[in-house]
Amino acid sequence: MKRRDFLKSSALTGLTLGLSTIPAFNIIGRTRKFQNDINYDLVAIKGGEADVMFRQAIQSFGGMKSFIKPNQTVVVKPNIGWDANPERAANTNPKLVSEIIRQSLDAGAKQVYVFDHTCDEWTRCYNNSGIKSAAEEAGAKVVPGNSESYYHDVSIPGGKNLKSAKVHELILESDVFIDVPVIKHHGGAQVSLGMKNLMGIVWDRGYWHRNGLHQCIADFISFKKPDLTVIDGYNVMKRNGPRGVSVDDVVTMKTQILCKDIVAGDTAATKIFGGNPEDIGHIKMADEMNLGTMDLSGLSINRIKV
């Protein structure tokens, strides 16, 4: 059963309120340790550095070995779309990206790849975001997404507006897909989160903008959902997104959302951002298409304060 009234009544205006009103969060002391008898659907953590929060939060899912088997290939998809330094929060926090890579390799991954189809010139985005150096230092192979030759046609039979797309070959060939967006304002989509970040794995994003952006975002996850979504809310761009203008657009929130259900993750992250998920077209559409849930009240959620 959908709980629209519950979601409307629990719309949040800030981080503290957001995490405290998401149901099924329990804190023992300063941390909540993983228990084998609890199968969490979503983890929300706040108060630490990006790498520290991920190391602690992933234990609520039993660690990265719950997602990665020995000798598998992993693709990590951050937001690297913009020629901006990390303080601008236009891109994913490089410390978070590097920790996910390390954890993946420690879990036995044969190779970890990192890429994005950037909006600004790709080499400047990769370098100035700090992600290329952080990812390579952690042991990943950073590859380009700037040529149409890397993308291959796929059908999206479950789509309403988006019936096909060209998808980067790494997404099609890798064993495990980890989506690592940053929470930020977006002029067209209202917020840029997990689902929106998937526009960086397709070639023709312009089609989405011309043919109903919110519906196309929802349609695409009927084709491909990440195995794990890690939503970076360490620094959050509250206005002038998706590129941002300066650090004045950014609020430090020191939070992360980890989820198996990308729709639930985007719902929780929207509340942290200070919005109402009911007002975000692509989240509501994905819920109505049964591609995930906006009803957080039915989920097992672990809330952690570092």
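These figures come from a predicted structure and were not determined experimentally.
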For P226, side chain to side chain contact (heavy atoms under 4.5 Å, CB included) partners two or more places apart: F177, D179, L198, T229, I262

Residue pair N93, V182: steps toward the side chain to side chain contact (heavy atoms under 4.5 Å, CB included) verdict: CA-CA 8 Å; N93 190 304; V182 60; over 6 Å; no

Atom of R239, atom of M237 and distance for their closest heavy-atom approach: O-CG, 3.2 Å

Hphob cluster co-occupancy, V250 + M53, side-chain heavy atoms under 4.5 angstrom: no

Check: K163 side chain, G159 main-chain N or O, donor-acceptor pair, under 3.5 Å: yes

Partners meeting ring-ring contact (aromatic ring centres under 6.0 Å, His included) with Y150 (sequence neighbours left out): H168

Residue pairs fulfilling side chain to side chain donor-acceptor pair (under 3.5 Å) with at least one residue in residues 61-74, sequence neighbours excluded: T73-D175

Pairwise side chain to side chain donor-acceptor pair (under 3.5 Å) hits with a residue in residues 132-145, at least two apart: K132-E136

D116 (side chain) donor-acceptor with T118 (main chain) under 3.5 angstrom: no

Donor on one side chain, acceptor on other, T92 and D232, under 3.5 Å: no

Non-hydrogen atoms of A286 and I221 that approach each other most closely: CB-CD1, 4.0 Å

Listed partners of D41 passing salt bridge (Lys or Arg N to Asp or Glu O under 4.0 Å), at least two apart: none

Please list, one pair per line, the donor and acceptor atoms closer than 3.5 Å that link side chains of residues 186-194 to other protein atoms, with sequence neighbours excluded.
unit_1	atom_1	unit_2	atom_2	d
H186	ND1	G188	N	2.9
H186	ND1	A189	N	2.9
Q190	NE2	D279	O	3.4

Any donor-acceptor pair under 3.5 Å from Q256 side chain to A50 backbone: yes

Test item: N91 side-chain N/O and S129 main-chain N/O as donor-acceptor pair under 3.5 Å: no

Between N161 and D219: side-chain donor-acceptor atoms closer than 3.5 Å: no

Qualifying residues under side-chain hydrogen bond (donor to acceptor under 3.5 Å, both in side chains), relative to K166, sequence neighbours excluded: E148

side-chain hydrogen bond (donor to acceptor under 3.5 Å, both in side chains) involving E49 - partner list, sequence neighbours excluded: Y234

With sequence neighbours excluded, residues passing side-chain hydrogen bond (donor to acceptor under 3.5 Å, both in side chains) with E121: T123

Cation-pi, F115 ring and K77 (6.0 angstrom, 45 degrees): no

All side chain to side chain contact (heavy atoms under 4.5 Å, CB included) counterparts of D120, not counting sequence neighbours: W82, D83, C125, R243

Qualifying residues under ring-ring contact (aromatic ring centres under 6.0 Å, His included), relative to Y126, sequence neighbours excluded: W122

Those residues that, when tested against W203, pass ring-ring contact (aromatic ring centres under 6.0 Å, His included) (two or more places apart): H117, Y151

K260 atom NZ, over 12 foreign heavy atoms within 6.0 Å: yes

Min side-chain heavy-atom separation K46-M253 under 4.5 Å: no

Heavy-atom donor-acceptor pair, T255 side chain to G233 backbone, under 3.5 Å: no

